[in-house]
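A, B, ... follow the sequence lines: proteins, then strands. Residue 1 opens every chain. Please read these numbers as outputs of a predicted model, since none were measured by experiment.
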Amino acid sequence: MSKRVRVRFAPSPTGGLHLGGVRTVLFNYLFAKKHQGDFIVRIEDTDQSRYVPGAEEYIFDTLRWCGLEPDESVQHGGNYGPYRQSERKAGYRQYAEQLVKQGHAYYAFDTPEELDQVRKATDKNGEGHSFQYDHTVRMKMRNSLNLLESEVQQLLNAQTPHVIRIKMPENETVSFTDMIRGEVSFETALSDDKVLLKADGMPTYHLAVVVDDHLMEISHAFRGEEWLPSAPVHILLWKYLFGLNSMPQWAHFPLILGPQGKLSKRDGAKYGFPVFAMNWKDPKTGEFTEGFKEKGFIPEAFINLLALLGWNDGTEKELYSLDELAEEFTMERVHSSGAKFDFEKAKWFNHEWIKMASPDRLQEDVKRFLGEGGISVTDDSYLAKVIGLVKERCTLLSDFVQQTDFFFRAPAVIDQEAVKPKWSEAKKEFFQTYAAQLQTTGEWNAEHLEQLFKETAAEKAIKPGELQLPFRIMLVGGKFGPQVFQIAELLGKDETLARIQHALPLFE
RNA sequence: GGCCCGUUCGUCUAAGGGUUAGGACACCACCCUUUCACGGUGGUGAUACGAGUUCGAAUCUCGUACGGGCUACCA
């Protein structure tokens, strides 16, 4: 019997969640659901200098909007807490000390300033990175490998600021099986001696991720490809601390790329598409980044498009609900190569989901957008009818503003130029007659209105087609919207007549 | 620079030794609609390059090129 599936998403609260981040959440979530496992969110806030107030809340708000609720987290509780690494601070040191005792790590007293100097000195106008704190230089630095034991003890007793670094083996090959990429291997000699415990007593990501994955009994550790190069450090820590047998299985997701390489939040402003899941304003810099939610995406579509960026089930199916995804998802079918994000395709997904959604489902979202567009809705059942009529021509929720505006208030502008060139006295007479008929008719539905329209047109010997555009302009103000008689039906008798009367003189 | 990962239409991808290399988005044309869309039909368009293995390679191997990631007391 294999152990229970437990996966985690481990964001650091430093800002908004971008596409790649949400997809990492999604794949974790899907894998957990598929295997009846647990999905945990652990906040990795070990770097106090990068902490951004509000970012943690934002993350949970985003997950809620996406419908990806964690089973355990800061907000959801659970038996493996605390779920915030800063609150687990006291626990990490013992593991680092254990490594020192085992000879796999050591105390280092070099200050950040000293290291900076060495880096600058070594990096003689090359493109940097010639200095690494690794096995080739560690015997020249100020650390417990090098200093006398008494000196080390003295420094420690005097509370001299220090870090604990891993002592990377000098010639070992570390390899592991990535669920997506297969066998991956690294030479340990090429990696530097990463800091495990910082001078402020906080662990770095490397120590914390291993310790917490162990303590939280994580069975599968998934993260973005940017972590692949540091995997050997983590494998080594697992080996030294808890044994390779209890190590989770790894998978590194391909990156989501922007038009020119790595997707950055700046791409959003530059190319006109959102990068974050929801609007985010950095409280420190004031920098604003647009979100998919506010751009007019519905979460069903957002999830769907993210899932298909790097995964497919091998069939030609493209539209999946969250439940279907959880059913079909397998890690083996996740790609190993990065995917460039295509906003046009993203919009297509949204359009498809809006078309599939019921007016009820869309009601609240549409109302939110209409409100922002200055349209207030008082009659929900009227709104539902309107939504049903126009939703298939809306790609983004924001499109509902233009598509429904004229249902709630008379058009502010009448596109007279669309009518004037072909306007005639006969057409004017037609509308006068038609208006009079509408006034007295007892029946008010699209079919009847159309029938009446055609009959009257025939009497006046005008092709009905030539009259439809003017009628549309009167009711809508422009050349758009659903079938014109359906519009009139929803508008009702009084409003329809008022708009005809208002527009008629404008065509002279 | 070093290390790691990757490379099929413009983009997302299917095809895990034998197919006219399939689909979707986008684009173009036509049809439907006397609005704008939806929808329908058709079209343009790809295996990075070079060797090797094989009767046969998009698929396996190697090299080259290109792309990306990492190289902090950041995650």
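Using the Watson-Crick or G-U wobble rule with both distances under 3.5 Å, B:rG39 pairs with B:rC31. Using the Watson-Crick or G-U wobble rule with both distances under 3.5 Å, B:rA46 pairs with nothing in any strand shown. B:rG67: Watson-Crick or G-U partner is B:rC5, with both key distances under 3.5 Å. Shown here, B:rA14 forms no base pair; nothing in the strands shown gives a Watson-Crick or G-U wobble contact with both key distances under 3.5 Å. In this entry B:rU19 has no Watson-Crick or G-U wobble partner, no candidate having both defining distances under 3.5 Å. Using Watson-Crick or G-U wobble geometry with both donor-acceptor distances under 3.5 Å, B:rA51 finds its partner in B:rU61.
Comparing A:Leu469 and A:Leu308 by the nucleotide of RNA chain B that holds the closest heavy atom to each, the one mapping nearer the 5' end is A:Leu308. Between A:Asp47 and A:Pro482, the residue whose closest nucleotide on RNA chain B is further toward the 5' end is A:Pro482.
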Along nucleotides 22-32 of chain B, 5' to 3', which nucleotides get a B, which get an S, and which get a -, given that the test is a protein heavy-atom distance under 4.0 Å? SSBB-------
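Between B:rG43 and B:rC9, the distance separating the two C1' atoms is 14 Å to the nearest Å. When the C1' atom is compared between B:rG22 and B:rA58, the two are found 13 Å apart, to the nearest whole Å. Rounded to a whole angstrom, the distance from the P atom of B:rG6 to that of B:rG63 is 14 Å. The gap from the C1' atom of B:rG10 to that of B:rC28 amounts to 14 Å, rounded to the nearest Å. Annotation: B:rU61 and B:rU53 have their P atoms spaced 15 Å apart (nearest Å). Taking the C1' atoms as reference points, B:rU47 lies 25 Å from B:rG42, given to the whole Å. Across B:rC60 and B:rA15, the matching P atoms stand 12 Å from one another, rounded to whole Å. Annotation: B:rA21 and B:rA48 have their P atoms spaced 15 Å apart (nearest Å).
Note on A:Ala199: a base of the nucleic acid sits closer than 4.0 angstrom, heavy atoms only. As judged by a 4.0 angstrom heavy-atom cut-off over every strand, A:Thr46 is placed among residues touching the sugar-phosphate backbone only. Note on A:Ser185: only backbone sugar-phosphate atoms sit closer than 4.0 angstrom, heavy atoms only; bases stay farther off. Residue A:His351 is in sugar-phosphate contact alone, with no base atom involved, counting any heavy-atom pair closer than 4.0 Å across all strands shown. A:Gly478 comes within 4.0 angstrom of nothing in the nucleic acid, heavy atoms only. Nucleic acid contact class of A:Gln403 (heavy atoms, under 4.0 Å, all strands): none. Among the heavy atoms of the strands lying under 4.0 Å from A:Asp110 is at least one base atom, whether or not backbone atoms are also near. Residue contacts shown for A:Lys347 are absent, as no nucleic acid heavy atom lies under 4.0 Å away. Nucleic acid contact for A:Pro254: none, since no nucleic acid atom lies under 4.0 Å from a heavy atom of the residue.
There is no side-chain donor-acceptor pair under 3.5 Å between A:Gln85 and A:Thr46. A donor-acceptor contact closer than 3.5 angstrom links the side chains of A:Glu455 and A:Gln451.
In this structure, A:Arg223 forms no cation-pi arrangement with A:Phe253, as its terminal cationic atom is not both closer than 6.0 Å to the ring centre and no more than 45° off the ring axis. By the 6.0 Å and 45° rule, A:Lys420 does not stack over the aromatic ring of A:Trp423. The cationic group of A:Lys317 lies under 6.0 Å from the six-membered ring centre of A:Tyr320 and within 45° of the ring axis, placing it in a cation-pi geometry.
Remark: A:Arg8 engages A:Asp213 in a salt bridge, criterion side-chain N to carboxylate O under 4.0 Å.
The side chain of A:Arg223 contributes no N or O atom lying less than 4.0 Å from OP1 or OP2 of B:rC70. Side-chain N/O atoms of A:Asn312 include none lying less than 4.0 angstrom from OP1 or OP2 on B:rC12.
Aromatic pair A:His234/A:Tyr205: centroids less than 6.0 angstrom apart. For A:Phe471 and A:Phe453, the ring centers are positioned less than 6.0 Å apart. Aromatic ring centres of A:Phe302 and A:Phe292 lie closer together than 6.0 Å.
Distance from the side chain of A:Val195 is smallest to B:rC73 among B:rC73, B:rG6, B:rA75. For A:Leu255, taking side-chain heavy atoms from C-beta onward, the closest of the listed nucleotides B:rC74, B:rG68, B:rA14 is B:rG68. Proximity note for A:Glu392 (side chain, C-beta onward) versus B:rA37, B:rC74, B:rC73: the nearest is B:rA37. When distances are taken from the side chain of A:Lys340 to each of B:rC12, B:rG39, B:rC74, the shortest belongs to B:rC12. Side-chain proximity of A:Val184 to B:rG69, B:rC4, B:rA72: nearest is B:rC4.
Between the P atom of B:rC3 and the CD atom of A:Glu225 lies a distance of 17 Å, rounded to the nearest Å. Taking atom NE2 of residue A:His252 and atom P of nucleotide B:rC70, one finds them 13 Å apart after rounding to whole Å. In this structure, NZ of A:Lys194 is placed 11 Å from C1' of B:rC73, rounded to the nearest angstrom.
Sorted by residue number, the members of residues 161-169 of chain A with any non-hydrogen atom under 4.0 Å from RNA chain B read A:Val163, A:Arg165.
For A:Arg181 against B:rC5, no side-chain N or O and base N or O form a donor-acceptor pair under 3.5 Å.
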